[in-house]
Amino acid sequence: MLSCPVMPDTSLTPTPQFGTAEYVGTPGGDHCHFCHQPIGTAYYRTNDAMTCASCADKMRRELAPDTHSAFVRAIAFGVGAAILGMILYATFAIVTGIVIGYASLAVGWIVGKAMIKGSNGVGGKRYQIVAILLTYAAVSTAAIPVWIHYSREHKQAKQASSSQSAGTNQQTQDTDTQQSENGQAQENAPAKERPSFAGAMVMLLGLGLASPFLELSSDPVGGLIGLVILFVGMRFAWRFTAARAPDIFGPFENSPKPR
């Protein structure tokens with residue numbers, strides 16, 4: 001009879017796979033929420049998500065610190081974005097003659113994104129406060145260049161109409177007489193003090209900042225809608241500049257599941 005050696009059962013002694021990483025963990029245990037690898041004897045909690053020690057350490061190292069320089073850069077970027085948003089808002093209103101409140105949403109988006117870009121992703125309560133203030137200032141002060149534009153147009157139209165009527169209805173002698181009388185009247189009249197440039201700018205800035213509420217007196221419905229849209233735009237800026245650092249807690253002991 002021919003006898004052959006009994007072949008060993010390879011299913012009982014599997015060959016190690018050196019090309020595949022093997023992780024130590026409890027059979028059927030929990031897995032890391034980020035790398036999806038089995039959790040070993042300890043784990044962390046990142047925003048209520050189970051995290052392995054490697055991912056938790058990586059997150060801590062990659063977080064940008066909230067420093068004074070980061071906050072200053074965020075303010076600088078935010079101010080630039082607010083000025084840009086104000087220019088775009090006013091230019092659209094002047095060119096089209098339409099003051100659309102939905103531009104407030106774009107201004108809030110631009111300011112929030114710019115501040116996060118300047119801080120390298122760092123956010124927080126102080127960033128949020130600055131973001132909503134800059135958004136409100138950009139939208140409200142956009143009314144100032146619009147007022148100046150229409151004021152100049154009205155003044156030029158008024159001067160053109162007065163010069164045409166004066167040329168057709170008055171003679172040269174009457175004009176000279178009137179000019180001399182006006183000159184004497186101006187000499188006798190007390191000189192009025194004109195407001196300084198700085199005072200005029202402060203007054204104009206105050207009116208601009210109050211413009212969203214001043215519209216309520218002329219157009220209550222439109223002014224109220226504009227305030228609501230402005231609030232939503234400020235809400236955009238608030239959300240974009242919120243703190244993004246995850247809350248990492250641990251380590252915790254990962255007790256094995258009962259068999």
Side-chain angles (χ1 to χ4, degrees), residues 47 59 62-153 200-216 218-246:
N47 293 340
M59 290 178 185
E62 291 182 352
L63 289 178
D66 184 5
T67 61
H68 178 71
S69 60
F71 184 59
V72 172
R73 287 196 308 269
I75 293 177
F77 277 59
V79 170
I83 295 174
L84 176 62
M86 184 268 290
I87 294 174
L88 294 177
Y89 195 115
T91 302
F92 180 83
I94 292 173
V95 173
T96 63
I98 302 173
V99 180
I100 181 169
Y102 287 104
S104 304
L105 307 181
V107 175
W109 185 87
I110 292 173
V111 171
K113 282 291 187 179
M115 290 190 64
I116 287 298
K117 180 68 175 178
S119 66
N120 294 325
V122 178
K125 188 60 65 67
R126 58 177 180 171
Y127 295 85
Q128 292 176 303
I129 294 174
V130 173
I132 62 174
L133 291 178
L134 290 177
T135 301
Y136 179 84
V139 174
S140 59
T141 56
I144 296 177
V146 176
W147 292 341
I148 295 175
H149 172 75
Y150 286 112
S151 176
R152 288 179 177 177
E153 283 192 346
M201 291 302 298
V202 170
M203 182 181 299
L204 193 60
L205 180 61
L207 290 174
L209 293 174
S211 61
F213 298 95
L214 295 177
E215 293 180 2
L216 292 172
S218 59
D219 185 7
V221 177
L224 182 60
I225 294 175
L227 284 176
V228 172
I229 299 175
L230 175 58
F231 174 78
V232 176
M234 294 167 64
R235 180 67 177 173
F236 280 0
W238 177 273
R239 291 179 60 185
F240 279 127
T241 52
R244 301 187 177 188

What's the shortest heavy-atom distance between [X] and [Y], and which atoms?
X	Y	answer
A114	A81	CB-CB, 3.5 Å
M86	P145	SD-CG, 4.1 Å
V79	L134	N-CD1, 3.7 Å
A70	Y127	C-OH, 3.8 Å
G85	V107	O-CG2, 4.0 Å
Y89	A142	CD2-CB, 3.7 Å

Side chains of [X] and [Y]: closer than 4.5 Å at any heavy-atom pair?
X	Y	result
T135	F236	no
N120	R73	yes
S104	F231	no

Any chance you could lay out the side-chain contact (heavy atoms from CB on, under 4.5 Å) test for V130 and R126, step after step, and finish with the verdict?
-> CA-CA 6 Å; V130 173; R126 58 177 180 171; 5.7 Å; no

Pairwise distance [atom1]([X]) to [atom2]([Y]) - rounded to 0.5 angstrom:
X	Y	atom1	atom2	answer
I144	S211	CD1	OG	7.5 Å
D219	L214	CG	CG	13.0 Å
M234	R239	CE	CZ	15.0 Å
F77	I110	CZ	CD1	14.5 Å

Between T141 and G208, is there a donor-acceptor pair closer than 3.5 Å when you use the side chain of the first and the backbone of the second?
->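 Absent.
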
Polar side-chain atom of Q128 near backbone of W238 as donor-acceptor pair, under 3.5 Å =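 Yes, the answer is positive, given that a donor and an acceptor are paired below the 3.5 Å cut-off.
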
Classify the angle between the aromatic ring planes of F213 and Y136 as parallel (below 30°), tilted (30 to 60°) or perpendicular (above 60°).
->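 Aromatic pair F213/Y136 classed tilted.
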
